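Accompanying notes for the structure given below.
Note on naming: letters A, B, ... go to the chains in the order of the sequence lines (proteins, then strands), and numbering restarts at 1 for each one. Atoms considered below: every heavy atom in the structure, side chains included; atoms not considered: hydrogens, waters and symmetry mates. What you see is a predicted model; the values in this text were computed from it and never measured.
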Number of protein chains: 2
Amino acid sequence: MERPSLESFTARHHLDSRSLCAQIVEAREGAIAVRSAGAATDNLTRIIEATLRLANRKGFAAMTLRELARESGLSLGGLYAYIGSKDELARLIQSWVSRTLRRVMASALADIETSRMRLATAIEAHLLTTEALREWFFFLYMEAHHLASDERRQAVAAERNSEQIFADIIRQGQSEGRYGAMNADIAAGLIKAMLQDWYLKRHKHGERGLDVTAYADTVTAAAEALLDASGETTTTTHS
Amino acid sequence: MERPSLESFTARHHLDSRSLCAQIVEAREGAIAVRSAGAATDNLTRIIEATLRLANRKGFAAMTLRELARESGLSLGGLYAYIGSKDELARLIQSWVSRTLRRVMASALADIETSRMRLATAIEAHLLTTEALREWFFFLYMEAHHLASDERRQAVAAERNSEQIFADIIRQGQSEGRYGAMNADIAAGLIKAMLQDWYLKRHKHGERGLDVTAYADTVTAAAEALLDASGETTTTTHS
DNA sequence: ATGTAAAACGGACGTTCGTTCTATTTTCGC
DNA sequence: GCGAAAATAGAACGAACGTCCGTTTTACAT
């Protein structure tokens with residue numbers, strides 16, 4: 001398979017806000033008071049995009065529904081045809097971005113076999129997904145800590161799941177003798193930290209003129225350097 | 001110098017909440033209505049620790065001053081002898097944690113010369129500082145985005161400053177021919193991402209039984225692997 | 001043109017917020 | 001042990017919140 005561009009990856013996996021909102025409307029049939037699915041998707045998209053815009057600037061708790069009504073173009077009362085409550089709006093966004101990442105990662109890795117290719121593909125898929133849905137992932141990261149314990153547990157599980165994908169790839173590579181004996185969970189954690197930096201510090205990377213594909217190469221090189229070197233005895237003590 | 005333990009590092013650089021609050025009381029003399037410096041420090045420490053506890057659990061905006069009064073043991077009116085407003089309380093914490101990191105990093109690196117030692121020392125100092133003031137740094141990271149533009153610019157500058165420290169060390173190593181030709185700013189960003197993961201995902205690391213010193217060794221090894229390998233031509237393309 | 005159901009509107013309600021104010025208690029030099 | 005000064009507690013205030021609901025507008029079938 002060719003190296004995917006951001007655009008082709010986004011199109012193939014339906015990683016735009018409208019597609020996600022269409023899925024939400026479909027899954028929540030009955031909970032939304034507006035009958036026409038097309039119009040409902042339009043309005044929900046405007047509501048969620050406005051939410052991400054406002055909440056990512058000033059925080060979800062500080063965002064008021066009056067601002068959201070103004071920003072989304074709907075009225076205060078109109079919002080309640082789409083959401084049950086303000087809190088439910090946050091849960092909605094978070095649960096769908098979590099399951100989207102899981103879906104895309106599984107799909108992207110489906111027919112890749114060698115550990116070397118799986119590592120590069122997983123890194124690239126993670127970065128392209130979070131780049132396409134940048135605001136969604138930023139929201140998830142920043143607001144997940146404030147969820148009620150049930151939803152929070154779900155968010156932690158999703159996070160752990162995506163880290164496990166990397167840990168499993170690393171263990172596969174180790175069993176093939178390709179990588180050194182470093183703890184796979186810890187290595188996966190380091191890789192995840194570098195991946196999350198992409199959407200958490202988007203502004204910085206934009207200033208440097210680094211695009212997502214170049215960053216994917218950088219992280220892949222870093223991961224392989226880390227894993228290749230981990231067989232040697234690296235004594236890192238002072239003086 | 002010996003390898004510092006968390007305890008000795010904390011003691012040497014005064015990295016406990018009370019020490020920081022004592023500095024705040026001293027610097028804000030006049031803005032605090034309570035005369036006795038000792039009592040004022042006690043109460044401010046309780047206010048700030050309660051703030052960190054509540055805000056890190058549910059978000060600063062969602063924390064109410066009535067909760068803060070209950071949690072800190074003061075009354076609603078009593079809080080206003082120490083803070084001018086709720087927003088000022090957030091700015092206070094953030095500005096002092098920023099300047100503390102800068103102070104400690106400068107002090108820890110003061111008489112270290114070789115790039116190899118400076119890198120290991122900087123990583124260790126960063127991790128030990130954020131470990132000692134874990135809640136402070138978590139608060140800074142999570143709430144910095146919601147600041148007014150003036151304070152926000154200051155927070156971004158502090159973040160950039162600490163990244164520059166690493167970039168400068170890398171450039172020094174490159175000029176000594178020790179490291180490959182990788183972009184120093186990008187490498188510094190990757191290192192920073194791994195360092196911040198320590199206090200952002202504290203729960204995960206705790207479960208793994210990884211302590212801060214072991215994590216410092218891991219990150220140092222990862223950084224050196226990354227920098228050593230960056231001279232080679234690593235072609236990371238698919239198929 | 002007219003009638004009807006769907007959708008959007010926006011003001012009102014009760015609550016709770018940050019902040020202020022004052023009555024009361026505590027502290028401390030003498 | 002007394003009185004002035006400092007500190008506290010918690011009621012009170014206006015503003016703003018999330019939510020609800022009666023009304024108006026829109027869109028389409030007849």
*Report yes if some heavy atom in the side chain of A:Gln164 is under 4.5 Å from a heavy atom in the side chain of A:Asp168; otherwise report no.*
yes
*Rounded to the Å, how far apart are A:Met63 CE and C:dC17 P?*
18 Å
*Taking the six-membered ring of A:Trp136 (Phe, Tyr or Trp), confirm whether the NZ or CZ of A:Arg134 is under 6.0 Å from its centre and within 45° of its axis.*
no
*Given atom CG of B:Leu65 and atom P of C:dT20, what is their separation to the nearest angstrom?*
11 Å
*asked:* So A:Leu6 and A:Asp211, do their side chains get closer than 4.5 Å, heavy atoms only?
replied: no
*For atom OH of B:Tyr82 and atom P of C:dT19, their distance in whole Å*: 18 Å
*Quick one: is B:Tyr80 getting a side-chain N or O under 4.0 Å of the C:dG18 phosphate, OP1 or OP2?*
no
*Round to a whole Å and report the spacing from CG of A:Leu44 to C1' of C:dA7.*
15 Å
*Minimum heavy-atom distance B:Arg152-B:Leu147, with the two atoms named*: N-CB, 3.9 Å
*Quickly, which of A:Thr220, A:Ile123, A:Leu210 forms a side chain to side chain contact (heavy atoms under 4.5 Å, CB included) with A:Tyr215? Name it, please.*
A:Leu210
*Has B:Arg202 got its NZ or CZ under 6.0 Å from the middle of the six-membered ring of B:Trp198, at an angle within 45 degrees of the ring axis?*
no
*asked:* Can you give me the closest heavy-atom contact between A:Ser72 and A:Ile47, atom names plus distance?
replied: CB-CA, 4.0 Å
*Go through the structure and list residues passing side chain to side chain donor-acceptor pair (under 3.5 Å) with B:Arg102, not counting sequence neighbours.*
none
*Heavy-atom pair of closest approach, residues A:Leu101 and A:Ser162*: CD2-CB, 4.3 Å
*Would you please confirm or rule out a distance under 4.0 Å between OP1 or OP2 of D:dA7 and any side-chain N or O of B:Asn43?*
no
*Rounded to whole angstroms, how far apart are CG on A:Leu68 and P on D:dC17?*
12 Å
Check the interface with nucleotides 11-15 of chain D: list each N/O to N/O pair with the protein under 3.5 Å, or write none.
none

*At under 4.0 Å between heavy atoms, what does B:Asp87 touch on the DNA or RNA strands: base, sugar-phosphate, or nothing?*
nothing
*What is the distance, rounded to the nearest whole Å, between atom NZ of A:Lys58 and atom P of D:dA16?*
12 Å
*Which dot-bracket string fits DNA chain C when only Watson-Crick or G-U wobble pairs with both atom distances under 3.5 Å count, crossing pairs get [ ], and | stands for a partner on a different strand?*
|..||||||||||||||||||||||||||.
*Separation of A:Leu79 atom CG from D:dT19 atom C1', in whole Å?*
11 Å
*Is any side-chain N or O of A:Ser75 under 3.5 Å from a base N or O of C:dA8, one able to act as donor and the other as acceptor?*
no
_B:Arg70 CZ to D:dG10 P, straight-line distance once rounded to whole Å_ = 12 Å
